[in-house]
Amino acid sequence: MMLREHVLQGLLDLHSGATYLEIGVHSGVTFHPLKAARKVAVDPNFRFDVPEPAVTHEVEYHRVSSDVFFGQIVEPGRKFDVIYLDGLHTSQQTLRDLLNAIVHLGPDGVIVIDDVVPTSYAASLPGEEDFLLARASIPIEAPHDAWMGDVFKLVYFVEAFMQGFTYGVVAENHGQMILWHERRPQVQHPTRTLSWIGQMDLINLHQEPAVLRRQPYADILQAY
């Protein structure tokens with residue numbers, strides 16, 4: 001199993017003086033070990049004591065929602081080399097985070113979206129309360145699964161509607177989507193609609209696994 005921080009550090013190491021933005025820091029397990037020239041953490045409820053001062057030249061902590069950060073705090077022209085999206089695990093919020101993040105992505109930057117391959121039916125539910133109920137009520141569901149929500153829909157959105165980005169999904173872990181500025185010659189499903197993506201569920205993902213472009217991390221790094 002490849003840890004989240006190993007995926008991210010490998011991408012950061014490709015940039016000299018790398019700048020890093022993480023949306024959805026939670027307890028900081030991923031954020032704190034990473035090495036970058038400048039790191040920015042955004043979370044409305046950090047699960048650790050934020051150091052004082054909260055903003056230095058090397059590290060920034062912003063205790064706000066991603067919407068507030070993108071709309072009111074980050075400078076309009078500021079760019080990041082690596083942006084990690086691991087906030088609220090719904091397709092709607094993560095799509096909003098993705099579109100906002102693109103504005104702040106450096107020309108050679110990369111965006112990583114967490115949890116795009118749910119480990120179970122319960123994990124794929126868009127609501128956390130529904131996830132907890134399903135995990136407790138369905139005997140075949142893994143009792144220790146974490147909520148991933150319906151973030152997997154973003155892979156299908158990017159494939160169908162964001163032809164200016166190339167992407168891959170890491171094969172060695174729970175599923176991290178990595179995307180960067182690079183035009184794809186063609187869209188695999190040009191007739192796909194927003195409504196279809198919005199209504200898809202876990203079975204649709206397994207019916208069309210090729211869209212995920214799941215591959216070894218080393219191959220994604222080489223392509224990037």
Side-chain angles (χ1 to χ4, degrees), residues 1-15 17-48 50 58-70 73-74 78-118 146-149 151-155 157-158 162 165-181 212-214 217 220-221 224:
M1 171 71 76
M2 177 169 282
L3 298 178
R4 294 169 171 86
E5 56 264 35
H6 293 164
V7 170
L8 293 161
Q9 191 64 62
L11 295 165
L12 286 166
D13 290 345
L14 297 176
H15 298 269
T19 54
Y20 174 70
L21 168 63
E22 182 169 321
I23 301 296
V25 176
H26 197 70
S27 60
V29 172
T30 300
F31 184 81
H32 289 144
L34 293 177
K35 295 178 175 60
R38 190 77 178 262
K39 300 196 299 183
V40 178
V42 177
D43 196 297
N45 186 23
F46 292 113
R47 272 71 168 185
F48 55 87
V50 174
E58 293 81 19
V59 185
E60 300 177 25
Y61 296 92
H62 297 280
R63 195 188 300 272
V64 296
S65 69
S66 57
D67 292 340
V68 170
F69 176 76
F70 284 122
I73 294 176
V74 65
R78 190 173 184 183
K79 303 293 183 182
F80 296 91
D81 297 310
V82 178
I83 300 176
Y84 181 41
L85 303 182
D86 189 25
L88 183 62
H89 288 175
T90 66
S91 57
Q92 292 93 333
Q93 182 60 53
T94 308
L95 177 57
R96 186 153 61 242
D97 290 341
L98 172 60
L99 297 178
N100 283 327
I102 287 171
V103 177
H104 297 280
L105 184 65
D108 297 319
V110 61
I111 296 175
V112 180
I113 302 174
D114 203 39
D115 293 335
V116 300
V117 184
W147 180 49
M148 295 182 171
V151 179
F152 64 89
K153 295 176 182 178
L154 265 72
V155 181
F157 178 86
V158 171
M162 297 176 62
F165 283 81
T166 292
Y167 68 91
V169 173
V170 177
E172 295 95 332
N173 63 18
H174 57 287
Q176 289 177 293
M177 181 185 188
I178 301 174
L179 65 154
W180 62 93
H181 289 286
L212 288 174
R213 298 187 175 206
R214 203 164 192 191
Y217 175 61
I220 299 175
L221 273 188
Y224 169 54

ask   = Does Asp81 use its side chain to pair, donor to acceptor, with the backbone of Thr19 at less than 3.5 Å?
value = yes
note = Between Ala36 and Ala18, the two heavy atoms sitting closest are CB-O, 3.5 Å
Contact check, side chains of Thr94 and Phe157, non-hydrogen atoms, under 4.5 Å = no
request  = Would you name the heavy atoms of Leu85 and Ala101 that are closest together and state the gap between them?
outcome  = CD2-CB, 4.4 Å
message = Using side chain to side chain contact (heavy atoms under 4.5 Å, CB included), reason through Val40 and Arg78 one step at a time and then give a plain yes or no.
response = CA-CA 12 Å; Val40 178; Arg78 190 173 184 183; 3.6 Å; yes
request  = To the nearest 0.5 Å, tell me how far Leu88 CG sits from Asp67 CG.
outcome  = 10.0 Å
note = side-chain contact (heavy atoms from CB on, under 4.5 Å) filter on Leu221, not counting sequence neighbours, yields Leu11, Leu14, Tyr217
For a quick test of your reading: what N or O donor-acceptor pairs under 3.5 Å do the side chains of residues 22-33 make, sequence neighbours left out?
unit_1, atom_1, unit_2, atom_2, d
Glu22, OE1, Tyr20, OH, 2.5
His32, ND1, Gly28, O, 3.3

ask   = Would you call Arg4 and Asp115 a salt bridge, taking side-chain N to carboxylate O under 4.0 Å as the test?
value = yes
inquiry  = Using side-chain heavy atoms (C-beta onward) and a distance below 4.5 Å, is Val7 in contact with Ile178?
reply    = yes
key: Atom pair NZ (Lys153) and CG (Leu95), whose distance is rounded to the nearest 0.5 Å   = 11.5 Å
key: Beyond-backbone contact of His6 with Asn173, side-chain heavy atoms, under 4.5 angstrom   = no
request  = Please report the closest heavy-atom contact between Leu21 and Val42, naming both atoms and the distance.
outcome  = CD1-CG2, 3.9 Å
ask   = Looking only at atom types and distance, does a side-chain atom of Lys79 sit under 3.5 Å from a main-chain N or O of Val103, one as donor and one as acceptor?
value = yes
key: Smallest separation among heavy atoms of His104 and Ile83, with atom names   = O-CD1, 3.9 Å
request  = Give, for atom CG of Leu98 and atom OG of Ser91, the distance between the pair rounded to the nearest 0.5 Å.
outcome  = 12.0 Å
message = Just verifying a value: how many Å separate His174 NE2 and Met2 CE, rounded to the nearest 0.5 Å?
response = 12.0 Å
query = Looking at Val112, Val110, Leu34, which one forms a side chain to side chain contact (heavy atoms under 4.5 Å, CB included) with Tyr84?
reply = Val112
note = Note: Leu12 and Lys35 closest approach over all heavy atoms is CD1-O, 3.8 Å
inquiry  = Applying side-chain hydrogen bond (donor to acceptor under 3.5 Å, both in side chains), can you list everything that pairs with Asp13, at least two apart in sequence or on another chain?
reply    = Gln9
ask   = How many angstroms lie between CG in Asn45 and CZ in Arg63, if you round to the nearest 0.5 Å?
value = 7.0 Å
ask   = So which heavy atom on Leu212 is nearest to which on Val169, and how close?
value = O-CG2, 3.0 Å
ask   = Do the side-chain N and O atoms of His89 and Asp114 include a donor-acceptor pair separated by under 3.5 angstrom?
value = no
query = Any side-chain heavy-atom pair from Trp180 and Ile220 closer than 4.5 angstrom?
reply = yes
key: Separation of Asp86 CG from Ser66 OG (nearest 0.5 Å)   = 11.5 Å
task = Ignoring hydrogens and angles, tell me if any N or O in the side chain of Tyr61 forms a donor-acceptor pair with the backbone of Asp43 under 3.5 Å.
result = no
